[in-house]
Amino acid sequence: MKETKNLTITRAQESSAAIEKLYITMRHLFNRGFYKPMGVSGDSLREALLMLRPEIYGHIADEKVELKGLLYVIERLPIGIEECRFINLTSHEGYDKSHFKAIIPPKRRRNCYRIDDDLMHIEITRGRSDIYDILTHLTFIFIESHKIRYHVLLDETGEISRDWQKLEQAVSQKKKLTLIDREKAISHAANILGRTFEDISDIYDDFGTEAAPDRFLQIIYWLGKLAIEEITENTKRTITFSPILRERLGHHIHGDIWATHIKEVLKTNNLLDRPIHVISANMHSVMNSIFACPALKSKFKGMSDFGIYEELSKSEGKELRSKVEEIALKNGMISLPDTSGTNIDVQIFDTAKINWENTSFPTGAAAEKKPVLIVMDYAFGEQAYETIDELLKPYKKETFLNVESVSIMGKAGILEGGKGDIMIPNAHINEGTADNYFFENELSAEMFEGNGIEVFSGPMVTVLGTSLQNRDLLKFFHDSTWGVIGLEMEGSYYQKAIQSASKIRKSIPKDVKVRYAYYASDNPLETGSTLASGGLGTTGVKPTYLITIKILEQILEQ
């Protein structure tokens, strides 16, 4: 009889189990309607996150407070949330018609409303992925807040350290701190956070705003204050889910409104019977690729096309961007800012109204039946399925759309290479399930060679959220026979919707062409290159426009 070997669980397997636990726990808490993140009901979420230790949350499992992870999260949550004991996740419930002013986080498009000193409402109109994103971020900052509490609360009677008292004095000042006062406060904060004076000085200004240059101290103070009160006064922070949100989630309500509006605009402009090409991208690359060079060549004589795109991407290029948009609107572009709650703006291009001879695509005039381009802004996670599924349905159940192609251009994490490199997938694998979607990509790696950018081809994994990136699990996907080249959040959802519309429901042609291409925003396997390390800057300009141009060339050459 053979001796049974001891089976050891790898870190990748532990991480996979932690992600599944997070996913199931969040769905359970949502169905329950409320929970206390630092109470018994929040134990499972905290334990799973600490076991997973996602890359963007850095030192979450250590005693010292994680600074880069905190910055990443704060930029994606509404200003003032650190002061709120109660956080309510709601559907679109009419607050835009009230006196409450919408607070939109700098790096996430979601409407939030500060109802009073203790309550923040966050609108969820982008599906479950939005909820996972928020709950993991909130769990992270609450864990960090109790690290602060641990360092400043000397005993259970409520006695606090001298460093905390000094920080409180600095925060209570209404005016901007002088350099001396600021550095004193940073010194006390360093002791509280278990970080060096240099660590905090380096990141201090990144937290600040024009109205609140010393916001870093405010955030640390309020996180610590509420954590201390949870221990000394047993006033636990609480997250609730509104009944309307629980009733509406998963029913494509916002996606249906969004898609119907697009089709009505197509009908009004007599475009419904034309060949349609859907492009998921940002709101500038298609417009600029067609109109920017002819509009700005005289201003930037001798400059390359990519040089002009870089000028447009700079923060001071607002006037240039307005000029290009003005020309586009006069030459076949229809702009549809979102009013549905999806936070996905749309541009429609009637190529019959574009003078292609003046653009970088002189062959654009060749097609007999002029195509229509529907450019939609980036979806968020599962929202990709909702929006594309609704868009590909017939208009009023009887008018079928002649969708000839769907092209997806997006940012993604890369597992081999660096920021700004390009990935061309041939399959999407859904993290945490056995679902996988193989497809014939009209784009190939060879099309992008010779441009000074590395190009990788292979399968990509669709992850539940950027905040769940785990080095061990990603290393497994990359090193095993899966051969994954990168990770993103929407690919499998797009492909699921396209396949069901073309192969099963037959609402669009079965031979619809698909194009997927991503440029790398980070490498989570490389220390210092995760999403928390900062944005792409101008590094992303060339791959963005290179992908856009290749997509447009294929569409127009058809």
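Since the model is a prediction, treat every value here as computed from it, not as a measurement. Heavy atoms only: backbone and side chains are in, while hydrogens, waters and symmetry mates are out.
With values rounded to the nearest 0.5 angstrom, Leu373 atom CG is found 7.0 Å from His277 atom NE2. Annotation: the span from Gln495 atom CD to Asn430 atom CG amounts to 12.0 Å, rounded to 0.5 Å. Atom CG of Leu329 sits about 9.0 Å away from atom CZ of Phe291, to the nearest 0.5 Å. From Ser289, atom OG reaches atom CD1 of Ile308 across 11.5 Å, with rounding to the nearest 0.5 Å. Expressed to the nearest 0.5 Å, how far OG of Ser444 lies from CG of Asn426 amounts to 11.5 Å.
Shown here is Glu20, whose CD atom has no more than 12 heavy atoms of other residues, nucleotides or ligands within 6.0 Å. By the neighbour-count criterion of 12 heavy atoms within 6.0 Å, atom NZ of Lys299 is sparsely surrounded, having that number or fewer from other residues, nucleotides or ligands. Heavy-atom neighbours of Lys353 NZ from other residues, nucleotides or ligands within 6.0 Å: at or below the threshold of 12. Summarising the local packing, NZ of Lys21 is surrounded by more than 12 heavy atoms from other residues, nucleotides or ligands at distances under 6.0 Å.
A salt bridge is defined here as a Lys NZ or Arg NE, NH1 or NH2 lying under 4.0 Å from an Asp or Glu carboxylate O, and Lys314 with Glu310 fails to meet this definition. Ion pairing between Arg11 and Glu14 holds under the 4.0 Å rule for side-chain N and carboxylate O. With salt bridges taken as basic N to acidic carboxylate O contacts below 4.0 Å, none links Arg215 and Asp205. Between Arg109 and Asp377 there is a salt bridge, since a side-chain N of the basic residue sits under 4.0 Å from a carboxylate O of the acidic one. With respect to the salt-bridge test (charged N to carboxylate O, under 4.0 angstrom), the residues Arg471 and Glu55 qualify. Salt bridge present: Asp350 and Arg274 bring a charged side-chain N and a carboxylate O closer than 4.0 Å. Residues Arg126 and Asp130 are not paired through a salt bridge, judged by the lack of any N-O separation under 4.0 Å between the basic side chain and the carboxylate. Glu442 and Lys513 are not joined by a salt bridge, as no carboxylate oxygen comes within less than 4.0 angstrom of a charged side-chain nitrogen.
Between Asp338 and Asn343, the closest heavy-atom pair is OD2-N, 2.9 Å. Gly491 approaches Thr462 most closely through the heavy-atom pair N-OG1, 3.9 Å. Considering every non-hydrogen atom in both Asn111 and Ala102, the closest pair reads OD1-CB, 4.2 Å.
Contact annotation: the side chain of Leu70 approaches that of Phe140 to within less than 4.5 Å [non-hydrogen atoms, C-beta and beyond]. Residues Leu443 and Ile551 are in side-chain contact: their nearest non-hydrogen atoms beyond the backbone lie under 4.5 Å apart. The closest side-chain heavy-atom distance from Arg515 to Ser405 is below 4.5 Å. Counting only heavy atoms from C-beta outward, the side chains of Leu401 and Leu392 never approach each other to under 4.5 Å. With contacts defined as side-chain heavy-atom distances shorter than 4.5 Å, the pair Tyr516/Ile424 does not qualify. With contacts defined as side-chain heavy-atom distances shorter than 4.5 Å, the pair Asp421/Val455 does not qualify. The shortest distance between side-chain heavy atoms of Met409 and Thr544 falls below 4.5 Å. Phe448 is not listed as a side-chain neighbour of Pro543, based on a closest heavy-atom distance of 4.5 Å or more.
Judged by distance alone, the side chains of His252 and Glu386 never bring a donor and an acceptor atom under 3.5 Å apart. Judged by distance alone, the side chains of Ser280 and Tyr494 do bring a donor and an acceptor atom under 3.5 Å apart. Using a 3.5 Å distance cut-off with no hydrogens or angles, the side chains of Tyr545 and His284 do pair a donor with an acceptor. If you check the side chains of Asn282 and Ser285, you find a donor sitting under 3.5 Å from an acceptor. Side-chain contact of His478 with Glu416: a donor-acceptor pair under 3.5 Å is present, judged by distance alone.
With hydrogens and angles ignored, the 3.5 Å screen pairs no side-chain donor or acceptor of Lys68 with any backbone N or O of Ile203. Side-chain atoms of Asp389 never come within 3.5 Å of backbone atoms of Tyr385 as a donor-acceptor pair (strictly under, hydrogens ignored). Put simply, the side chain of Thr359 gets close to the backbone of Trp356: a donor and an acceptor are under 3.5 Å apart. Side-chain atoms of Gln383 come within 3.5 Å of backbone atoms of Thr342 as a donor-acceptor pair (strictly under, hydrogens ignored). Judged purely by atom type and a 3.5 angstrom limit, Glu557 has no side-chain atom pairing as donor or acceptor with the backbone of Gln554. Side-chain N or O atoms of Trp258 include none that pairs as donor or acceptor with a backbone N or O of Gly341 at under 3.5 Å. With Asn470 contributing its side chain and Asp472 its backbone, the two residues share a donor-acceptor pair below 3.5 Å. At least one donor-acceptor pair closer than 3.5 Å links the side chain of Glu66 to the backbone N or O of His59. Using a distance-only test at 3.5 Å, with no hydrogens or angles considered, a donor-acceptor pair links the side chain of Asn523 to the main chain of Gly417. In this structure, the side chain of Thr387 does not engage the main chain of Gly255 through any donor-acceptor pair within 3.5 Å.
Ring geometry for Phe216 versus Tyr204: interplanar angle of 30 to 60°, hence tilted. By the 30° and 60° cut-offs, the orientation of the rings of Phe306 relative to Tyr309 is perpendicular.
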- Item | Chi angles and distances behind the side chain to side chain contact (heavy atoms under 4.5 Å, CB included) call for Phe456, Ile422 | CA-CA 6 Å; Phe456 300 87; Ile422 289 175; over 6 Å; no
- Message: Could you go through Val278 and Met376, starting from their C-alpha distance and side-chain angles, then the distance that decides it, and tell me whether this counts as side chain to side chain contact (heavy atoms under 4.5 Å, CB included)?
- Response: CA-CA 8 Å; Val278 179; Met376 57 180 282; 4.3 Å; yes
- Check step by step if side chain to side chain contact (heavy atoms under 4.5 Å, CB included) holds for Lys323 and Leu296. CA-CA 9 Å; Lys323 183 178 179 182; Leu296 302 175; 4.0 Å; yes
- Run the numbers on Glu390 and Lys393 for salt bridge (Lys or Arg N to Asp or Glu O under 4.0 Å), then give the verdict. CA-CA 5 Å; Glu390 292 297 329; Lys393 286 179 181 177; 3.0 Å; yes
- Message: Please evaluate residues Tyr519 and Ile414 with respect to the criterion side chain to side chain contact (heavy atoms under 4.5 Å, CB included), reporting the C-alpha separation (whole Å), side-chain torsions for both, the decisive distance (0.1 Å), and the verdict.
- Response: CA-CA 8 Å; Tyr519 58 93; Ile414 197 167; over 6 Å; no
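Separation of the His428 and Phe438 ring centroids does not fall under the 6.0 Å cut-off.
Annotation: cation-pi geometry not satisfied between Arg53 and Tyr57 (NZ/CZ under 6.0 angstrom from ring centroid, within 45° of ring axis).
The one candidate from Arg76, Arg128, Lys107, Arg108 that meets the salt bridge (Lys or Arg N to Asp or Glu O under 4.0 Å) condition with Asp133 is Arg108. Screening Ile276, Leu336, Val265 for a side-chain contact (heavy atoms from CB on, under 4.5 Å) with Ile374, the sole residue that qualifies is Ile276.
With sequence neighbours excluded, the residues that form a side-chain contact (heavy atoms from CB on, under 4.5 Å) with Glu198 are Thr196, Asp202.
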